[in-house]
Protein chains: 2
Amino acid sequence: MCDQCDYGTLLRSVGLSDTPRRELVLGTIGNHQGVLRPSEILEKVRRRISINRVTLYRILDLLVQKKLVQRLSAGDRTFRYGLAGTSRHPDHAHFHCVHCGLMECLDPASIPLDLRQSQHPQLMKIERMEVRLDGLCQTCRSHPDV
Amino acid sequence: MCDQCDYGTLLRSVGLSDTPRRELVLGTIGNHQGVLRPSEILEKVRRRISINRVTLYRILDLLVQKKLVQRLSAGDRTFRYGLAGTSRHPDHAHFHCVHCGLMECLDPASIPLDLRQSQHPQLMKIERMEVRLDGLCQTCRSHPDV
DNA sequence: GAAGAAATGCAACTCAGTTGCATTTACTTC
DNA sequence: GAAGTAAATGCAACTGAGTTGCATTTCTTC
């Protein structure tokens with residue numbers, strides 16, 4: 001999402017040492033527009049370095065826990081991972097193609113995810129909000145045969 | 001969600017025969033406030049009738065396909081099922097407690113899910129929208145020890 | 001460079017959901 | 001009401017994503 005981000009610095013800024021694998025995982029997520037499944041991240045990272053499946057899951061957990069990365073539900077059984085919202089990359093809704101599984105980010109301005117807007121009963125403590133639009137992407141829409 | 005609903009009629013209205021299992025599954029979902037995991041539905045239905053796990057999944061798929069029921073992501077690895085939105089039960093956002101897994105419906109008025117509001121590029125075809133708030137429910141909030 | 005801690009790898013496991021096929025139940029048609 | 005067909009359900013085995021426990025490697029710090 002951002003080539004100006006220095007992922008090593010980002011890792012250290014949250015108290016994680018920047019190992020080659022962590023940096024590559026975070027960079028893969030960060031430099032991709034849209035969000036990725038673990039299998040896709042694995043494939044991309046493995047073009048550069050060997051990495052075990054379990055290590056990837058552990059790194060993803062760490063990055064989510066440190067709030068560098070957010071885990072999203074696509075409505076299917078596989079999580080997607082994308083950079084967490086920051087002042088430079090504000091939080092935003094996602095579009096999910098129910099046909100091909102593509103999941104992409106929507107313009108933050110189009111559907112503002114501002115928790116202050118919602119007047120839910122304050123009995124529970126809200127930590128985050130996830131908005132997903134399901135439908136058909138441009139490609140699947142124009143090739144209904146696939 | 002609604003005791004006035006006649007689930008047998010509802011099933012037939014979408015072209016499904018109303019078998020005892022289907023009616024019980026739909027009734028279990030419909031009469032519960034909030035949304036349910038398959039395991040919870042299984043447990044409740046089994047108090048009344050014997051049913052196989054696979055049969056439940058197949059019935060759930062059918063009900064979702066016929067748009068009587070909607071499948072929701074809780075952000076964990078298990079789907080939740082609730083009555084689909086109708087004019088009488090409008091679509092609404094859900095709250096998910098990240099501690100105990102409880103998932104409940106929010107007042108439709110509090111976060112209106114009106115697709116017409118969002119000005120996303122019309123290149124893709126949007127079919128539905130899912131909004132989930134994650135946080136701590138009242139109970140987990142007041143018993144942080146559990 | 002030795003000791004301890006952190007990171008990674010490997011094998012086996014779990015859990016939700018799915019598939020293929022057998023069996024039962026319901027629905028015609030005679 | 002029996003025979004034949006289709007629909008619904010059951011059962012066992014499988015799949016795929018993610019997890020766990022423990023061994024091995026790599027990094028720190030003295």
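Everything numeric here is computed off the predicted structure, so don't read it as measured data.
Rounded to whole Å, the distance from CZ on A:R80 to C1' on D:dG16 is 13 Å. Rounded to a whole Å, the CZ atom of B:R37 is 12 Å from the C1' atom of C:dC15. Put simply, CZ on A:R12 is 11 Å from P on D:dT28, counting in whole angstrom units. Rounded to a whole Å, the CD atom of A:E40 is 16 Å from the C1' atom of D:dG18. Residue B:I49 contributes atom CD1, which lies 12 Å from atom C1' of C:dT25 at whole-angstrom precision.
Taking the six-membered ring where tryptophan is involved, the planes of B:H92 and B:H94 are tilted, since the angle between them lies from 30° to 60°.
Summarising the geometry, atom CZ belonging to A:R80 is positioned 4.0 Å from atom CZ belonging to A:R37; distances are rounded to the nearest 0.5 Å. Here the OG atom belonging to B:S17 is positioned 10.5 Å from the CD atom belonging to B:E23, to the nearest 0.5 angstrom. Atom OH in B:Y81 sits 5.0 Å away from atom CG in B:L60 (nearest 0.5 Å).
Applying a 4.0 Å cut-off to non-hydrogen atoms, the residues of residues 67-79 of chain A that approach DNA chain C are A:R77, listed by residue number.
A donor-acceptor pair under 3.5 Å is formed between the side chain of B:R21 and the backbone N or O of B:S50. A side-chain donor-acceptor contact under 3.5 Å links B:H96 to the backbone of B:A74.
Contact check, A:Y57 against D:dT19: no side-chain N or O comes under 4.0 Å of OP1 or OP2.
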After noting the C-alpha distance and the side-chain angles of A:L42 and A:R53, does the key distance pass the side-chain contact (heavy atoms from CB on, under 4.5 Å) rule? CA-CA 7 Å; A:L42 201 61; A:R53 211 167 58 92; 4.0 Å; yes

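Between B:Y7 and B:L68 the shortest side-chain heavy-atom distance does not fall below 4.5 Å.
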Distances under 3.5 Å between nitrogen or oxygen atoms of protein and nucleotides 6-13 of chain C:
| from | atom 1 | to | atom 2 | distance (Å) |
| --- | --- | --- | --- | --- |
| C:dA7 | OP1 | A:S17 | OG | 2.7 |
| C:dA7 | OP1 | A:R22 | NH1 | 2.8 |
| C:dA7 | OP1 | A:R22 | NH2 | 3.1 |
| C:dA7 | OP2 | A:R22 | NH2 | 3.3 |
| C:dA7 | O5' | A:R22 | NH2 | 3.3 |
| C:dT8 | OP1 | A:T19 | OG1 | 2.8 |
| C:dG9 | OP1 | A:R21 | NH1 | 3.0 |
| C:dG9 | OP1 | A:S50 | O | 3.4 |
| C:dG9 | OP2 | A:N52 | N | 2.8 |
| C:dG9 | OP2 | A:T55 | OG1 | 2.7 |
| C:dG9 | N7 | A:R58 | NH2 | 3.1 |
| C:dG9 | O6 | A:R58 | NH2 | 2.7 |

